[in-house]
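As the structure lists them, so they are numbered: ligands from 1, and atoms in each ligand from 1. Just the heavy atoms: all of them, side chains too, but no hydrogens, waters or symmetry mates, feed the values below.
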Amino acid sequence: MSSEIFGKANKLLEEIKANLPKSKEELEAFRIRFLGTKNIIRPLFSEIKNIENTRKKEFGQLLNQLKSNAESKFNELKAGLEAATESQEGEELDLFAPAEPIALGSRHPISITLNKIVDIFARIGFTVAEEREIEDDWHNFTAMNTPEDHPARDMQDTFYLKNSTEMLLRTHTSSVQARVMTSVRPPIRIIAPGRVYRNETISARAHCQFHQVEGLYVDENVSFADLKQTLTYFAKELYGPNTKIRLRPSFFPFTEPSAEMDVSCFICDAEGCNVCKYTGWVEVLGCGMIDPAVLENCGIDSTKYTGFAFGMGIERQAMMKYRINDIRLLFENDARFLKQFTSAI
Ligand code: PHE
């Protein structure tokens, strides 16, 4: 009786040794037969009681060997099969293969220009204030001293939200002035970059969306000389140390006095070229002393505080710098166009 059971166990041991599955399916069959929950080895354990005492230990060892042989054989076969399928698929590692080029993205010319401007003002203590693009009439116009009958409010110039006379897409970043001045107390020193919208016919020179950077400085005793000095510093940092600035009187409802700033042409060094239309000067921004009415609208005591503000368009600056002759290129995101800025930062 015992020798028969011994024989059975030894036969299984031989079978495990000789087994050579060639596919995943055959390997799975091997696992089920020898290692599954209803495996063929398990019933042999209940035979132990039928073995004569002198051979019980020997039989136990045989069964344990059977179990561990089945396990190690399975692991070995599994590893072999995986390696075989990998090399069959031709995915062997070729250490001499040339590296795959990694396509580098590039910054958008508008971001490059914006970042440079923000960096320059950050160095003299201006912090960035970003605000909503969907604005109400009060922050965009009323607080900024723009009267009800001002042409800028006209449907033709401003995108109002559907069925609304109140909500609009901001037409300038000056709305951020009102947002900031109504929520923080002076001293205020912020720079506000962002997108603005105007109902313009799209052409090579004009678009219905563009970017501006607004600057705002409110404190006691802020003077026009501070404005001029700040803008001189800015112009030299952005356009080069030999840059000169020129302030021309102008008009904005929210500043008094108001001015427009020209810089000496940074393309031709003021020699005269088609960018400056042979005048040696290019217009870059609008600015002025904050109208006391605007301070009062925002709850700031205009007898105690004064301030200056300026605002500039980014598209035109980027177009001059990179010699881009059609504003639409800046919004189309054609990869062939954008790739040309890979080396710019
Ligand atoms: N908001 C003005 C514009 O869009 C620019 C400006 C800003 C002028 C701040 C003066 C002061 O043209």
Side-chain angles (χ1 to χ4, degrees), residues 110 113-114 117-118 121 126 128-133 135-147 150-154 156-159 168-182 188-200 205-219 222-224 226-231 234-235 245-263 282-295 297-298 300 302 305-317 327:
I110 293 297
T113 314
L114 258 178
I117 295 171
V118 169
F121 285 103
F126 283 74
V128 174
E130 278 182 305
E131 266 298 341
R132 63 210 74 189
E133 290 173 21
E135 206 25 290
D136 54 45
D137 182 88
W138 192 83
H139 288 88
N140 196 83
F141 292 130
T142 311
M144 300 315 291
N145 210 26
T146 308
H150 195 279
R153 291 197 181 209
D154 204 310
Q156 258 103 61
D157 292 316
T158 306
F159 286 118
L168 46 85
L169 298 181
R170 66 180 179 192
T171 59
H172 53 184
T173 43
S174 299
S175 59
V176 185
Q177 288 191 37
R179 284 275 163 204
V180 173
M181 286 194 284
T182 48
I188 297 169
R189 200 158 29 171
I190 57 109
I191 190 98
R195 204 173 286 141
V196 300
Y197 304 85
R198 283 180 204 175
N199 194 354
E200 302 250 6
R205 307 242 107 228
H207 211 289
C208 59
Q209 54 173 336
F210 54 100
H211 296 76
Q212 287 189 330
V213 175
E214 191 87 4
L216 173 69
Y217 185 23
V218 188
D219 202 350
V222 177
S223 70
F224 201 92
D226 295 320
L227 170 63
K228 195 172 171 189
Q229 195 54 46
T230 304
L231 293 177
F234 161 69
I245 69 161
R246 174 171 92 171
L247 291 168
R248 283 180 290 104
S250 183
F251 175 79
F252 299 102
F254 31 89
T255 45
E256 183 58 39
S258 305
E260 263 163 319
M261 180 175 97
D262 299 337
V263 295
V282 284
E283 185 192 318
V284 292
L285 57 80
C287 61
M289 299 307 290
I290 302 168
D291 194 304
V294 173
L295 293 173
N297 287 343
C298 298
I300 292 176
S302 64
Y305 295 106
T306 51
F308 66 69
F310 54 86
M312 64 188 108
I314 304 306
E315 274 70 6
R316 231 170 58 84
Q317 309 229 22
I327 193 171

* Are any of the side-chain nitrogens in Arg179 or Glu135 under 4.0 Å away from the carboxylate oxygens of its partner? ->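 Judged by the 4.0 Å cut-off on N to carboxylate O distance, Arg179 and Glu135 do form a salt bridge.
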Just which atoms of ligand 1 are under 4.0 Å from any heavy atom in [X]?
X	result
Gln212	3 (C), 4 (O)
Ser174	1 (N), 7 (C)
His172	1 (N), 4 (O)
Gln177	9 (C)

Does the gap between the ring centers of [X] and [Y] come in under 6.0 Å?
X	Y	answer
Phe308	Phe224	no
Phe252	His172	no
Phe234	Phe126	no

* Side chain of Arg246, backbone of Asp262: donor and acceptor closer than 3.5 Å? ->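 No.
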* Asp291 backbone acceptor or donor facing Glu256 side chain under 3.5 Å ->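 The answer is no, because no donor-acceptor pair under 3.5 Å joins these two groups.
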* Of all the heavy atoms in Met289, does at least one lie under 4.0 Å from an atom in ligand 1? ->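 False for this residue.
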Considering [options] one by one, which has a heavy atom nearer to [atom] than any of the others?
atom	options	value
atom 8 (C) of ligand 1	Pro253, Gly286, Gly215	Gly286
atom 2 (C) of ligand 1	Phe254, Phe308, Phe310	Phe254
atom 7 (C) of ligand 1	Ser258, Gly311, Gly288	Gly311

* May I ask you to check whether Thr142 and Asn297 show a side-chain donor-acceptor distance below 3.5 Å? =>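 No donor-acceptor contact under 3.5 Å links the two side chains.
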* Hey, are Glu315 and His211 close enough side-chain-wise for a donor-acceptor pair under 3.5 Å? ->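 Short answer, yes.
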* Do me a favour and list the nearest non-hydrogen protein atom to atom 12 (O) of ligand 1 with residue, atom name and distance? =>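 For atom 12 (O) of ligand 1, the nearest protein heavy atom comes out as Phe252 CE2, 4.0 Å.
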* Compute the shortest N/O to N/O distance between Glu214 and ligand 1 and return yes if it is under 3.5 Å, no if not. =>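 By distance alone, the answer is no.
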* Mind checking whether Arg198 contacts ligand 1 via backbone (N, CA, C, O), side chain (CB onward), both or neither, at a 4.0 Å heavy-atom cut-off? =>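 Side chain only.
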